[in-house]
Structures are given as C-alpha cells and as structure tokens.
Student: 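Sharing a structure with you now.
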Amino acid sequence: MTSNFRIGDPLIRASKLRKEFGDFTAVNGIDFEVRKGESFGFLGPNGAGKSTTMRIIAATLTRTSGEITILDKDPEVHGPEIRAHLGVVPQQDNLDAALTVEDNLYIYGRYFGLSKKFIRNKIEELLEFAQLEEKRSVKVEALSGGMKRRLTIARALISEPEILMLDEPTTGLDPQARHILWDRLFRLKEQGVTLLITTHFMDEAEQLCDRLMVMDKGSIMAEDSPASLIKNFATKEVLEVRFGSGRNVELADTLRTHCDRIEVLPDRVLMYAESGEDLLHRLVSNGLQPLTSLVRRSSLEDVFLRLTGRTLVD
Amino acid sequence: MSATENATLKSEMVRRGSLHLINVPRIKRWGAYYVLEARIRNMSKWKFSILAASIGSPLFYLISVGIGVGSFINSHSAGRGIDGVKYMTFLAPALLAQVAIQDGLSEVTFPTLQGFKWEKNFFAMNSTPLTGRHIAVGTWLSAIARISLTVVAYIAIMYTFGAIHGWSPLLAIFTAVLGSAAFSALMMGATAAIKNDDMFLTLLQRVAIMPLFLFSGTFYPLKSMPEFLQWIGWCSPVWHATELGRWLTYDHPLNGNSLLIHFSYFAVMLVGGLWFAIRTFEKRLAK
C-alpha cells in the first residue's frame, strides 16, 4: 500500500451499511464518509450502533449488507491490510495485566512486525506522551484507571496509524484525567492523524470532533459540525426551569405559549429561546415563578433531545 | 494544565506513518511467531511457578512411587519388575507422557481463557494485522516451547535416577512432545469454544485429565485392567504416548501395526485439532 492519501481525501466510505444480530438490527443502512486529517465522532446513547460500526471499520466484524471501504479496501477481503494502518482503543482496556507498561508497548509493536530498534525508540516517545515514564517497569495491574487508558492509547499509536479509533475514550475517568487525554488527542490531530471517536459525552464530542454523526437505534439522525448541529437543531440559549414535582407537566401547555419549543423532563422543563433571560422575564411577568431557573447555551445534548426525544444518558 | 504538560514533547520522533512502516506480507508470514514471542515474554514472568509445577510433581511421583512402590514390586517379582524392567524404568516414560500432556494443557487453556474471557487480549492482538490463525498457532507454539523444555528437563532427571540408559530414550523427547502437541491443539479449540468458563478448568482436570492419568497403564500395564476399562486407555493420548515412550526408553515390544496406530492417532489429532482450534478462534474473534 502506498501513501497516496492527502488531507481531505476520503479514508472511509460507507454506503447502506447494515449489521444484524439475529432479529436485532444494530446498524440500519447508514451512509458516511471520513476524510483524512479530520476528527470524526459517533455520538449516541448505549446501543445506538456506534461500537458495531467501529468494529466493522476495524475489520473485526463482518457486515450483513451494504458497502464499506477503508483506505480504499474492503475490510472483509483485506482485513490485515486495513488493520495494519489502524490504531484501536477499545471501550475496555485489554492490556496484558501480568506484563509491565514497557512490555505491553513492546509486544504490541511486534504484532505489527515493527523492528525491535524502532519499537525501543518509539516506546520512549510514547511513555512521555502518556506521562508514564515513571511507570515503565510497573506491571499494568498496579496502574490506575486513567494510566491504563493512557497506556491503551499509547499502545494504539506504536505503529503510527493513519486512523486512530477510540471507543468511549474517557468513560470512567475523573475530570483531570479526561482533560489530559483530550490534550493528547488534540496533539495527534495536529499531526494529521485521523481520529474516529465514539462517545456519549456531549462535551467530549464538542471538544474533540470536527464533524459528528448523531446515531440512535442504528440510524443516523444528523451529521454536521458540532456548531452547525447546535445552530440547526437548537436555539442559541436554553432556559431550564423547575416548578416542583408534578407541576412541570401541569404547566407544560402554558409554558409552550411563551416559546417555540419546550422539552418536559422528569425533574425540569427545558425552554428553547434566542435569549433565556428575556424569556425568564416574560414568564415572571406573567405570574409564572419557577422554584429554580438556569440560563445556558444550547449544547449537543439539546440537539440529541430534539432529534430523538431522549437524553443521551438514560 | 502545567507548563510542562503544554511543552512540546521532547522525544517526539519524525512521524513516518504506518503506510511506510508496516510490511503486511511479512506479518502474514510471521504473525504466529510474534504471538509466540509475546507468550514467551508472558511465561517468563511465571518461570518459577511453571518450573515448580512442571518438574516438581512428576519428580515427587518418581521418588515416592518409582522408588517406594518400585522397591516393593521389585522385591516381590524376584527382581524382574514389570514388563521385564525395574519398576522405575517402567513408570518413568508414563510420567513423561503425563507431564508433557499436563503442561501442554495448562499452556493452552489458561491463555485461551485469558485471551477470550478474562483480559480479552486476543481481541487486542486481532486489532492488529494478526488473524485468528496467527493467534491460535502462536499460542499453540508457545505450549510446544514449554512442553519441550519440561520434557528435556524430565528426561535429564530420568537419566539421573538411572531410570533410562543409552541414546534411544532421547527420541522419547519427540514422541512426548508430539503427543502433547496434538492433544493441546484439540483442547485449545475446545477451550476457545467454551462460553461459560465456570468450573471448566476444574472439571477438565478432575473428569478428563485425572482419569486419563489413572486408566492409561501409567502404574501397571493396561492389559492388567479388566477389558471393559481398557478402552479408556485406547482413547487416551497418555496411553499412546506412554507406549511410544516405553518402546523408545527400553525394549517394550511394539509391532509395526501398533506403531502405525500410535503415530496415526497423534497425526489425526494434531491436524484435526489444529484445524478445529483455528476455526474456533476465527469464529470467536468475529463475534
């Protein structure tokens, strides 16, 4: 395989991609394209079909129907040729717990047939990248969750992959560990590595992704940049009001007359408006005094709610 | 984020990219070797427990049963022992076959359960250019490496105890490894097919391996068992490997037909077992 891909060239092309497990349709005929150098995200709740799509791209799961090419190759015909250029970070770390940090990187490099000399040099770079220099001789079983996650990402980078695939990269990490990871991923993007990320965290999607595909129940609900999605599917601001249990539903029809769209959640009502403050003043002047109120900017969570009628984290 | 964290990484290499770095045809040829390399690295972390389990147990058998029971049998058989040789010489090839099979089994069952269930590191391997075939064959080769080491050490112990003499017993290294390699391939496939591993290893040990050990003519000739129990020995890889081992370590008589049966048994088990294991690995990785 020769390096004939430039920034902006499509690396992944899927058309009517479908995957069924018995009677269950995990991926329901989706079309998408991922270009070199971009950071592409699959956003959706658990069971949306994100991980299944990722496994098909990773050439470890066969599709039921439809077409897909990765680096211009069919994963069912050229699995090893495609996997040679992917860095895969699975949802659950699958490191060798009995081996040290350094050994884990070493053996993984060998799976790509890389020379021992190259791997040794690369390990130094990756230990620094993952901030694990002090832990190089420590067994994986003794590492914290965040360290294991960083090691799994470092391991995926040993072969200098064209596409780095991250399945829920920061699930289970504390806020500080998440921010360190985001920083590391941003650096990779700056180096021209194509990132493919699945997440159900909207802030992660907004931070990391140039383009997002919102998925639910195996289908694509929308696809665009985070900013455009928010612009197209939500208003500029959201007013969150609480009137107390029971009253939220009771007042829904009245509240609806004050703005274009509302969403009634079990504990609060979301009211979509260009100016949350103005809307709140209107409510109060009409005698609707909420127990609590909050004005915030619209987010991808609101986009998802609009598209599916459900929240991302059920 | 601290200034250090924001600083450019000092050791960053010039990125060449996988398209220039990776030689896929080479991985297709050598993939199983890379898996073997990783397994040996993993095994080296357990070298003392592996050695203790592999050598210690048959060594204790050889001392307690070979010397203890042996001196009793030898004195009651006017020095003729069993099968025309002293008891230790009769027992040693059977223990050799048993330890080889036991070791091979440990080295395929634990890593296979670890790879598919406990740590899922076979899925990590399969996210690289390695295929199910590479992973299965590499794991099996690592079992053969461990078996070979144990068998050689055990043969040395047999010489030290005076259980065997001359050069021909060295050929028993080959038959012991062959027997274990064939059985390991089959059992690796079976382990990969196991969905629920609760009690699997315990049951395997108690319901399969222990009876094979006890009913394979290990401590006495198979023919001295009632005929309705002899079939266990005929099915058992331990018995076939023991018969070949006895043929090579002393003059246990085996005619051409028997030799053909013993070698064919292992050849079929090896080819069939490996085919089954590769197929099961590939299917499970693709689920």
Side-chain angles (χ1 to χ4, degrees), chain A residues 1-5 58-62 71 78-90 92-100 103-104 106-108 110-114 118 121-122 124-129 131 139 152 155-156 159-163 165 179-180 183 187 191-193, chain B residues 1-2 4-31 33-46 111 114-115 118-135 138 282 285-287:
Chain A
M1 198 179 279
T2 52
S3 176
N4 48 5
F5 297 100
T60 54
L61 188 68
T62 55
L71 302 164
H78 298 286
E81 285 82 355
I82 290 169
R83 294 199 299 271
H85 306 295
L86 305 179
V88 177
V89 179
Q92 286 180 322
D93 300 318
N94 48 20
L95 299 154
D96 195 326
L99 296 183
T100 63
D103 279 346
N104 265 278
Y106 179 84
I107 60 167
Y108 205 74
R110 293 294 287 157
Y111 297 154
F112 286 91
L114 296 168
F118 175 87
N121 290 332
K122 192 76 188 171
E124 298 308 316
E125 178 195 327
L126 292 174
L127 287 175
E128 192 183 349
F129 171 85
Q131 294 181 300
K139 278 190 183 177
T152 307
R155 185 182 71 169
S159 55
E160 299 191 351
E162 293 301 315
I163 304 170
M165 303 175 65
H179 282 281
I180 294 175
D183 170 67
R187 285 167 195 240
Q191 291 173 27
V193 177
Chain B
M1 197 152 295
S2 73
T4 325
E5 282 164 1
N6 276 326
T8 309
L9 299 175
K10 58 180 181 289
S11 65
E12 211 160 273
M13 294 160 74
V14 177
R15 185 185 151 82
R16 288 161 64 193
S18 60
L19 289 163
H20 296 283
L21 278 171
I22 295 169
N23 181 342
V24 179
R26 187 183 155 82
I27 302 169
K28 283 183 170 175
R29 273 197 308 277
W30 291 97
Y33 168 74
Y34 301 138
V35 176
L36 167 68
E37 212 184 323
R39 284 295 316 143
I40 287 177
R41 196 166 275 253
N42 187 295
M43 267 192 258
S44 69
K45 305 286 172 191
W46 310 97
Q114 186 186 28
W118 302 335
E119 289 180 1
K120 299 186 185 292
N121 44 19
F122 282 173
F123 294 96
M125 292 180 185
N126 191 224
S127 64
T128 73
L130 297 179
T131 61
R133 179 170 57 86
H134 293 133
I135 300 167
E282 284 174 344
L285 287 166
K287 269 186 184 168

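Below, chains carry the letters A, B, ... as their sequence lines are ordered, and counting in each starts from 1. Please read all numbers here as calculations on a predicted model, not as lab measurements. All values below were derived from every heavy atom in this structure, side-chain atoms included, with hydrogens, water molecules and symmetry-related copies excluded.
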Student: Any chance you could measure A:F112, atom CZ, to B:L21, atom CG, to the nearest 0.5 Å?
Tutor: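 Here the interatomic distance stands at 10.5 Å.
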Student: Looking at B:A38, B:A124, B:G132, which has the largest count of heavy-atom pairs under 4.5 Å with chain A?
Tutor: B:A124
Student: Side chain from CB out, backbone as N, CA, C, O: work out which of these in B:W46 comes under 4.5 Å of a heavy atom of chain A, or both, or neither.
Tutor: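 B:W46 touches chain A through side-chain heavy atoms alone.
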Student: Quick check on B:Y33 against chain A: is it the side chain, the backbone, both or neither that has a heavy atom closer than 4.5 Å?
Tutor: side chain
Student: Do the side chain of B:R133 and the main chain of B:E282 share a donor and acceptor less than 3.5 angstrom apart?
Tutor: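 Here the side-chain-to-backbone pair does not exist.
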Student: So which of A:G192, A:A58, A:A97 has the biggest tally of heavy-atom pairs under 4.5 Å with chain B?
Tutor: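 Winner by heavy-atom pair count: A:A97.
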Student: Is a side-chain donor-acceptor pair under 3.5 Å present for B:R29 with B:N23?
Tutor: no
Student: Assess the side chains of A:Y108 and B:S127: does a donor N or O sit below 3.5 Å from an acceptor N or O?
Tutor: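 Yes.
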Student: Under 4.5 Å from any heavy atom of chain A, what part of B:K45 do you find: side chain, backbone, both or neither?
Tutor: side chain
Student: Check whether B:L285 gets within reach of chain A through its side chain, its backbone, both or neither, counting any heavy atom under 4.5 Å.
Tutor: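 Backbone of B:L285 only, per the 4.5 Å heavy-atom cut-off to chain A.
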Student: Do the side chains of A:F118 and A:E160 get nearer than 4.5 Å, heavy atoms only?
Tutor: yes
Student: Against chain A, label B:K287 side chain, backbone, both or neither, depending on which of its atoms sit under 4.5 Å from a heavy atom there.
Tutor: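 Interface part for B:K287: backbone (N, CA, C, O).
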Student: Which of the residues A:T152, A:I107, A:D103 is involved in the greatest number of heavy-atom pairs with chain B at under 4.5 angstrom?
Tutor: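 Among A:T152, A:I107, A:D103, the one with the most close pairs to chain B is A:D103.
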Student: For B:E119, is it the side chain, the backbone, both, or neither that has a heavy atom closer than 4.5 Å to a heavy atom of chain A?
Tutor: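 Both parts, backbone and side chain.
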Student: Heavy-atom distances under 4.5 Å only: say whether A:A98 touches chain B with side chain, backbone, both or neither.
Tutor: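 Contact with chain B: backbone and side chain both.
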Student: Can you tell me if B:H134 uses its side chain to pair, donor with acceptor, with the backbone of B:K28 under 3.5 Å?
Tutor: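 Flag set: sc B:H134 to bb B:K28 pair under 3.5 Å.
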Student: Based on non-hydrogen pairs under 4.5 Å, which of A:D96, A:L86, A:L95 is most in contact with chain B?
Tutor: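 Of A:D96, A:L86, A:L95, A:D96 has the most heavy-atom pairs under 4.5 Å with chain B.
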Student: Just verifying a value: how many Å separate A:D93 CG and A:N104 CG, rounded to the nearest 0.5 Å?
Tutor: 10.5 Å
Student: For B:Y34, give me all partners under ring pair (Phe, Tyr, Trp, His ring centres under 6.0 Å), at least two apart in sequence or on another chain.
Tutor: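 Result, ring pair (Phe, Tyr, Trp, His ring centres under 6.0 Å) vs B:Y34: none returned.
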Student: What residue in B:P129, B:A286, B:G115 has the most heavy-atom pairs under 4.5 Å with chain A?
Tutor: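 Top count of heavy-atom pairs under 4.5 Å with chain A: B:P129.
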